[in-house]
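Heads up: the structure comes next, in structure tokens.
Labels below follow one simple rule: chain letters A, B, ... track the order of the sequence lines, proteins then strands, and each chain is numbered from 1.
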2 protein chains.
Amino acid sequence: MSTRTGRPPKISRREIVTAALRVIEEDGTGALTMRRLAREVGSTAMALYHHVRDKEELLLLLLDDYAAAIPRPALPDEPRERMVAAAMAMHDAVSGCPWAVDILKADDLMSVGALWYPEQIVDAAVHAGLTIEEAVDVYRIIWHYTAGEIGGRAAARRRREEGGPTYRERVFAELDAEEFPRLSTVARRWEDLTARDTYAKGVRAIVNGLLP
Amino acid sequence: MSTRTGRPPKISRREIVTAALRVIEEDGTGALTMRRLAREVGSTAMALYHHVRDKEELLLLLLDDYAAAIPRPALPDEPRERMVAAAMAMHDAVSGCPWAVDILKADDLMSVGALWYPEQIVDAAVHAGLTIEEAVDVYRIIWHYTAGEIGGRAAARRRREEGGPTYRERVFAELDAEEFPRLSTVARRWEDLTARDTYAKGVRAIVNGLLP
DNA sequence: GCTACTTTCTATACGTGTATAAAAACTCAT
DNA sequence: ATGAGTTTTTATACACGTATAGAAAGTAGC
């Protein structure tokens, strides 16, 4: 029958994931360590590794849970606008989970709970007249841009919190105006210029540049 | 006078950086640890921290060195093509240093040795008729896309080397064709579809979408 | 009941980045 | 010369992710 053999498990994947979400909510992503998580579920660190391949997979599962729970926005009918809206919703969703930054290396798309976004983007691209292969390209390009933008923003925020002179600030301070005429004119305003949110602008550019 | 006070240094920043480059070249980026690097320069791990803020800054210095040494390609005159060519050169340069992946979180641009690329892109954008602010936006959007693309590619390669079923493969294997009609039609071809290099396509799209 | 087998859990250990404290080696004022 | 001040180096320690080995706790066949 379905009676499983072997020592019966004390903890489960679900238990681990929910405990991880609780830890993050209470004490932030920095507090989510394997040992802390083990303590939280009343077990040892290494026991977790029988339910999760490694910490990265755990974070992926968290993103999965999180993304699946987010309400999906109504998207416009017009393909171009639909792609932009889906991309921005995806951006918001991933931005909303701080631990996502550590997973953004993931090559293409994300977990099953988040597949809705690529599906919408690919579908809209096909409706816009692209082949399915081209549509996948569009999605991947948008995803790479999204991942880079979120990663960059997270890094910028982290630097700001830490305080102290950034490497860039030191570089910009002694910038050679002859070698870098353009950059030196904006060097002092760089902080303000790069604080603005240009994600929407970028997505619109990609969509417009990719659809004829 | 210029006689400095305090205990005279045994090691220098330059020495550290060149030793780090040597280690990477000989044994790969995985071998570059602070302890190994210390052994290489005949010192202790913690002594390095008086010349380098942390490992991330060290990697930034490596990128700096590396980028500064790369020959700069001749760029076309026409602004659009110049932006694309500069972006692709930047992409090649960063792709060429494996350790760059760990720094790609860096918010905007890179080290002083690599400033040539943003300078060219911003300059070309201004020549194309954009304001300096818009030109900076263009550069940042291109950079975010570039960082995301390289990060994604590196992750994909890493997964491939490790072998074993990817998380995505497991997800795609049991994909609901009704909920995800588009994705399920390409699920089996996904590996091949995403293996293609679409960076140039993406940059062209961004440039065309951003210049009127 | 006993032995094999399987799965899960525990204990221990390694190498990592780096915080902290103190020692060491120099210059300068006295 | 001596003591104060400054900079660099060393020693020690911590928490992290996780590899490895083996113990524990169950089922199945005899």
Measure the distance from CE on B:M46 to P on C:dA23 and round it to the nearest whole Å.
-> 17 Å
Give a yes/no answer on whether the side chain of B:S43 brings an N or O atom under 4.0 Å of OP1 or OP2 in D:dT10.
-> yes
Gap between atoms CE and P, on B:M34 and D:dT12 respectively (whole Å) = 20 Å
Atom-to-atom span, CG of A:L48 to P of D:dT18 - whole angstrom | 11 Å
Starting at atom CG of B:D54, determine the distance to atom C1' of C:dA19, rounded to an integer number of angstrom.
-> 13 Å
Contact class for B:L32 vs. all strands (heavy atom < 4.0 Å): base, sugar-phosphate, or nothing?
-> sugar-phosphate
Which class fits the ring pair A:H91 and A:Y199: parallel under 30°, tilted 30 to 60°, perpendicular over 60°?
-> parallel
Nearest whole angstrom, please: distance from the C1' of C:dA11 to the CZ of A:R35.
-> 12 Å
Regarding the side chain of A:T33, the nearest nucleotide among D:dT7, D:dC16, C:dC9 is D:dC16
How many Å lie between OH on A:Y49 and C1' on D:dA19, as a whole number?
-> 10 Å
What nucleotide among C:dC9, C:dT6, C:dA24 has an atom nearest to a side-chain atom of A:T5?
-> C:dT6
Where the side chain of A:H50 is defined as all heavy atoms beyond and including C-beta, which of C:dA23, C:dT8, C:dT18 is the nearest nucleotide?
-> C:dT8
B:E26 atom CD, over 12 foreign heavy atoms within 6.0 Å = yes
A:R7 has its side chain closest, among C:dT10, C:dA25, C:dT8, to C:dT8
Could you give the NZ-to-C1' distance, from B:K55 to C:dG15, as a whole number of Å?
-> 11 Å
Between B:G6 and B:A45, whichever has its closest DNA chain D nucleotide further toward 5' is B:G6
Look at the side chain of B:K55 and the backbone N and O of B:L32, then say whether any donor-acceptor pair between them is shorter than 3.5 Å.
-> yes
Does the side chain of A:K10 get closer than 4.0 angstrom to OP1 or OP2 of C:dT7 through an N or O atom?
-> no
Go through the steps to decide whether B:V122 and B:E119 satisfy the test side-chain contact (heavy atoms from CB on, under 4.5 Å), and finish with yes or no.
-> CA-CA 5 Å; B:V122 170; B:E119 175 73 24; over 6 Å; no
Are the side chain of A:E15 and the backbone of A:I11 linked by a donor-acceptor contact shorter than 3.5 Å?
-> no
B:L58 CG - C:dG17 P separation (whole Å) | 10 Å
